[in-house]
Amino acid sequence: MKHRMWSVLVLCGVAGVVMAATPARIVISKGAAPKINIAVEPFGGDANAQQIAAVLATDLVRSDWFNYVPAANAEVIVRGTVTGGALNGAVFSRGHSAPVLQKVCAGDGSNPRSVAHQMADEIVRNIAGKPGIAQTRIACVANGTGSKEIYVMDYDGANVKRLTNDHTLTVRPRFGPNRRTLVYTSYRSGWPDVYIMPDVAAPAPRRVAYYPGLNTGGAISPDGRRLAVILSKDGNPELYVMDLASSALTRLSRTRQAESSPCWSPDGSQICFVSDRAGQPQLYMVPASGGEARRVTFGGYKTEPDWASWSVSAEVPDICFSARAGRQFQVFGLKSRTGEEMLLTQDGADNEDPCWAPDGRHIVYARTVSHRSSLYILDAFTGRTIELNPNLRVLGDCTAPAWSR
Amino acid sequence: MNTRLLTKISVLGIAVVLSAGMVGCKKKSHAVPGPGPGGLEGAGPVAVAPSPDALGIMPARSGDPTQRNQPPRLAADTVHFAFDSSVVNPSERPKLDDMAAYMRENPNQIITIEGHCDERGTAEYNRSLGERRAQACREYLTGAGVDGNKLQTISYGKEKPADLGHGEEAWAKNRRAEFIITGQ
């Protein structure tokens, strides 16, 4: 898989500013990942068959593993019939009469988008050989009600639902290892506490950390059993791991400075977090069971790490974070194996709060221009960015996005 | 220095005794097993500082911090900070000395210290930095002899600026710790 990297030497202007702020090892990826030419022929059957076909076509384009082309130019063609809301789909390779993939996608007529998303993930998994993201969800914070509340939506910004009604500051959502569990921080008690909502489909939050002082930064381990969390009950913001069954705490940091923003390695053995113990905030890693912390970034102001649950390619970083670059914040990548840092956004806006999709390729982040924030999606392979969904602007400023695992 | 350290140790002792006296409150247990003093590398001044535990374990929560009971004297004692710093500057010490005097005059009041940041910087790091600012004031006050059990903290990060502007003048006002009364 050829993936071109342009060194900073090739870039002019803005890149020089970035170098001054964060010296060494900065490259921006402008690779062109190979794509498969695909077409979706009109579906037969139910009245909403063409809506399903259209959503499927959009899903395939959003996956970034396919080019959508006229059927005459396609290497791969999708055909289907919708009956009683369910899709009987088949995928054909050009020149072959037997399908390479057949799939019945469940539906009852009430959820045409969901039917299309099921088919899209089957095609991405079987034809492109990658994890699909069409059935994932994105959560975010929005302030349109006058308070900061948490919202959840499909991965393409459809089916937006408000999850909290706390009338205060409700912030920093993060999904657990299934696609339903959400952890977040709310000041609804008057104090910052960490809550877990076991299923975003039926919001019933449980308060899990409410010690004196600060409780925030909750992140559920890949096995779903532990919570990394920032607590200040012992007199200073520190990193802890809570066993969710017993509420027992293990303390992982012991400094006079501020720790924040933990995230888990995909195997659950390490936690990456932020500390300003050496001056400005930097990324550190520590064994999740305790031990010596290891500094992994140097120079500048680096915060908000998120560790991909799946690595798509050795060319693509597996940790994303936001760092000051000149006068702005930009999304950066870090290869956890080599320590190589890569600048991933660079568009004159403040780009913060990055979070990986479970395909290890896409990153959702908050883009702020003139103090207005909206959600964008970055393809870490190509550097291409798109607004998640302009319709979301009715929610107000959207920040702190989280992608389900 | 010795007397300050002794004061801190006695405050810690009181906190431990009080927390041991709490009943039916599993989540408030302070007997937390820790991995030892790890993670202090590359931070020279940190290594010689007292254990962060000497800052004083926080008392159980009390009162409602959203009811902002802040008499003018407490408003005037708002402490300001340099960018990305939780160090109490010498210029701010008279305000904390006045707060210590106020708390000696009103020994039954519970004071909540709010920590705040300017809009630059990212949200969760600022939430921890705001807590550090509140804790730095708490540490100063307990070092001046104030009962740590009357001092609690809350961080709002960059969520509640005092000045909604976007320049250095506004930012300087927003990097602050404020004092409010949350109980008698």
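Every chain is numbered from 1, with letters handed out A, B, ... down the list of sequences.
Contact of A:Ser322 with chain B is made through the side chain alone, with heavy-atom distances under 4.5 Å. In this structure, chain A has a heavy atom under 4.5 Å from the backbone of B:Ser62, while its side chain stays farther away. With a 4.5 Å cut-off on non-hydrogen atoms, A:Ile230 touches chain B through its side chain but not through its backbone. With a 4.5 angstrom heavy-atom cutoff, A:Val286 does not touch chain B via any of its atoms. Looking at A:Glu259, only its backbone comes within 4.5 Å of chain B, counting heavy atoms on both sides. Of the two parts of B:Glu119, only the side chain, counted from C-beta on, holds a non-hydrogen atom closer than 4.5 Å to a non-hydrogen atom of chain A. At a 4.5 Å heavy-atom cutoff, the contact between A:Asn215 and chain B is made by side-chain atoms alone.
Shown here is B:Arg73, whose CZ atom has more than 12 heavy atoms of other residues, nucleotides or ligands within 6.0 Å.
A salt bridge links A:Arg372 to A:Asp397: one of the charged nitrogens lies within less than 4.0 Å of a carboxylate oxygen. Looking at B:Glu131 and B:Arg138, no side-chain N of the basic residue comes within less than 4.0 Å of a carboxylate O on the acidic one, giving no salt bridge. A salt bridge links B:Arg175 with B:Glu168; the closest basic N to acidic carboxylate O contact falls under 4.0 Å. Between B:Asp84 and A:Arg324 there is no salt bridge, since no side-chain nitrogen of the basic residue lies less than 4.0 Å from a carboxylate oxygen of the acidic one.
Between chain A and the residues B:Thr66, B:Thr153, B:Ile154, the most heavy-atom pairs under 4.5 angstrom are made by B:Ile154. Taking chain A as the reference chain and counting heavy-atom pairs below 4.5 Å, the highest number among B:Pro59, B:Gly130, B:Gly121, B:Ala134 is found for B:Gly121. If you tally non-hydrogen atom pairs under 4.5 Å between each of A:Gly217, A:Ser189, A:Ser232 and chain B, the highest count goes to A:Ser232. Looking only at heavy-atom pairs under 4.5 Å with chain B, the residue among A:Pro192, A:Ala248, A:Ser261 that has the most is A:Pro192.
A donor-acceptor pair under 3.5 Å links the side-chain atoms of A:Trp264 to the main chain of A:Ala219, judged by distance alone.
For A:Thr303 and B:Thr122, the side-chain atoms include at least one donor-acceptor pair closer than 3.5 Å.
Between A:Tyr301 and B:Tyr125, the two ring planes are perpendicular [angle over 60°; tilted spans 30° to 60°].
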